[in-house]
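Notes to accompany the following structure.
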Amino acid sequence: MSFEFVRKLPTPQEIKEEFKLPERLVALKAKRDTEIKKVFTGESDKFIAVIGPCSADNVDSVCDYVERLSKVQEKVADKLILIPRIYTNKPRTTGEGYKGMLHQPDPEKQPDMLEGLIHIRKMHIECMENTNLTAADEMLYPENYRYFSDILSYVAIGARSVEDQQHRLTVSGMDIPAGMKNPTSGNFGVMLNSVTAAQSPHTFLYRGWEVNTDGNPYTHTILRGGVDKHGQTLPNYHYEDLIRLSNMYRERNLKNPAVVVDANHSNSGKQYKEQIRICKEVMHSRRHSADVRSLVKGLMIESYIEEGCQKIGEHIYGKSITDPCLGWRDSEQLIYTIADMV
């Protein structure tokens with residue numbers, strides 16, 4: 001036997017009961033969910049910015065960041081809905097490196113997934129209480145979504161997961177917006193197939209149960225760039241890419257056509273400062289074309305308190321230990337620029 005069964009974790013319901021969301025925050029999430037959904041259905045003209053650290057590695061600095069974000073949200077509330085990135089699961093291309101707070105609540109210690117679940121719930125509740133913002137995370141493991149389903153207002157499916165059947169079917173049972181990234185190849189057809197699957201009803205095996213889902217009409221696409229067979233980056237945020245995606249949506253019978261453009265990853269070649277220019281170009285494309293304006297509902301930006309990144313163990317407060325991020329000063333100014341261009 002190659003598996004070592006360490007311990008049986010509590011069920012999602014048991015964790016939710018022990019670390020319960022206060023009633024005020026239940027109402028807050030319901031209100032936020034409705035506002036965000038209306039952007040994707042076209043009922044609201046507001047624009048979304050999913051913004052925050054590449055990985056949520058430290059509770060204090062993450063909550064500090066979200067508190068700063070909440071003060072900016074008050075100033076741009078007529079134009080933007082800010083969704084903090086509190087990403088606690090990190091896909092690793094080779095399987096090596098920091099896998100996120102779910103695995104390691106302390107990046108310098110050994111994995112402890114039970115402690116990770118507890119840390120994540122406490123962190124989200126603290127951030128919600130202090131800021132009145134609800135967050136986004138990447139669903140790396142479909143079976144873990146239920147631990148956080150009462151907290152998250154937005155979910156992203158990563159480039160390495162978007163072709164996986166279990167991810168697609170799990171999204172079909174969600175009642176919040178979920179973005180399906182293009183795969184690392186950059187293939188738009190694969191991404192749209194994933195949206196088709198997630199918007200459809202299914203019967204499948206989930207956490208030991210046979211379950212039925214109704215389909216998620218708020219499933220949409222995320223453009224994050226790709227790489228070719230030589231490993232060269234292939235950005236896909238340009239005007240021509242957005243028009244192409246708009247035309248491909250038109251050929252399919254999908255609900256609520258929408259895209260969020262990820263300004264980092266293969267779109268920026270991980271040159272984090274390029275996110276500023278990329279966001280401005282996307283906003284200009286929305287002004288240039290009614291079709292693009294209708295399709296592009298938001299931007300995804302990697303941002304933290306200190307710019308760049310650091311190695312685990314350097315202990316620079318508010319600086320990413322995974323991909324490099326924009327610093328707070330540039331991030332705040334970029335949010336105001338985006339609001340002016342909506």
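Note that the coordinates shown come from a computational prediction; the quantities given were computed from them, not determined experimentally. Computed from heavy atoms alone, side chains included, the values below leave out hydrogens, waters and symmetry copies.
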Determine all donor-acceptor pairs shorter than 3.5 Å in which one atom belongs to a side chain in residues 332-342; sequence neighbours excluded.
from: Glu332; atom 1: OE1; to: Trp328; atom 2: NE1; distance (Å): 3.4
from: Glu332; atom 1: OE2; to: Tyr336; atom 2: OH; distance (Å): 3.1
from: Thr337; atom 1: OG1; to: Gln333; atom 2: O; distance (Å): 3.0

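- Between the side chains of Thr131 and Ser70, not a single donor N or O lies within less than 3.5 Å of an accepting N or O.
- Counting only residues at least two apart or on different chains, no ring pair (Phe, Tyr, Trp, His ring centres under 6.0 Å) pair has a member in residues 114-134.
- Thr196 OG1 to Met191 CE: the interatomic distance, rounded to the nearest 0.5 Å, is 11.0 Å.
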Is there a side-chain contact (heavy atoms from CB on, under 4.5 Å) between Ile243 and Ser289? Walk through the geometry before answering. CA-CA 9 Å; Ile243 288 292; Ser289 164; 3.9 Å; yes
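- Residues satisfying the salt bridge (Lys or Arg N to Asp or Glu O under 4.0 Å) criterion with Glu43, sequence neighbours excluded, are absent altogether.
- The side chain to side chain donor-acceptor pair (under 3.5 Å) check on Arg68 picks up Asp64, with sequence neighbours excluded.
- Salt-bridge check for Lys29 with Asp150: failed, with every basic side-chain N at 4.0 Å or more from each acidic carboxylate O.
- Listed by first then second residue, pairs satisfying side chain to side chain donor-acceptor pair (under 3.5 Å) with a partner in residues 77-86 read Arg85-Glu302, not counting sequence neighbours.
- Atom CD of residue Glu307 and atom SG of residue Cys325 lie 10.5 Å apart, to the nearest 0.5 angstrom.
- Between the NE2 atom of His167 and the OG atom of Ser172 there is a distance of 13.0 Å, given to the nearest 0.5 Å.
- Counting only N and O atoms by type, the side chains of Lys270 and Thr233 include no donor and acceptor under 3.5 Å apart.
- Between Ile125 and Leu21, some side-chain heavy-atom pair lies under the 4.5 Å cut-off.
- The side chain to side chain donor-acceptor pair (under 3.5 Å) search around Arg293 returns none, not counting sequence neighbours.
- Each of Leu169 and Leu205 belongs to its own hydrophobic cluster when Ile, Leu, Val, Met, Phe, Trp and Tyr are linked at side-chain heavy-atom distances under 4.5 angstrom.
- Put simply, the side chain of Gln104 never gets that close to the backbone of Tyr98: no donor and acceptor are under 3.5 Å apart.
- By the 4.0 Å N-to-carboxylate-O rule, Lys31 lies close enough to Glu35 to be salt-bridged with it.
- Residue Leu234 is found outside any hydrophobic cluster, as its side-chain heavy atoms come under 4.5 Å of no other Ile, Leu, Val, Met, Phe, Trp or Tyr.
- Residues forming a salt bridge (Lys or Arg N to Asp or Glu O under 4.0 Å) with Lys181 (at least two apart in sequence, or on another chain): Asp262.
- Qualifying ring-ring contact (aromatic ring centres under 6.0 Å, His included) partners for Tyr141, counting only residues two or more places apart in sequence or in other chains: His103.
- In this structure, the side chains of Gln232 and Val227 stay at 4.5 Å or more apart for every pair of heavy atoms.
- Here side chain to side chain donor-acceptor pair (under 3.5 Å) pairs that include residues 50-63, with residues two or more places apart or in two chains, are Ser55-Thr322, Asp57-Tyr304, Asn58-Ser61, Ser61-Tyr304.
- Hydrophobic side-chain contacts under 4.5 Å tie Ile83 into a cluster, directly or through other members, with Ile36, Val39, Phe40, Ile48, Val50, Ile81, Tyr87, Tyr154, Ile222, Val260, Met300.
- Among residues at least two apart or in separate chains, ring pair (Phe, Tyr, Trp, His ring centres under 6.0 Å) pairs with a member in residues 271-301 are Tyr239-His288.
- Remark: Glu274 CD to Asn267 CG distance equals 11.0 Å, nearest 0.5 Å.
- A donor atom on one side chain and an acceptor atom on the other are not found under 3.5 Å apart for Ser285 and Tyr237.
- Here Arg244 does not pair with Glu240 in a salt bridge; the nearest charged N to carboxylate O distance is not below 4.0 Å.
- A 6.0 Å sphere centred on CG of Asp45 holds no more than 12 heavy atoms belonging to other residues, nucleotides or ligands.
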Show your working on salt bridge (charged side-chain N to carboxylate O under 4.0 Å, His left out) between Glu67 and Lys71 and close with a plain yes or no. CA-CA 7 Å; Glu67 285 182 35; Lys71 293 171 184 172; 5.7 Å; no
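- Put simply, the side chain of Leu242 reaches to within 4.5 Å of the side chain of Val261, judged on heavy atoms.
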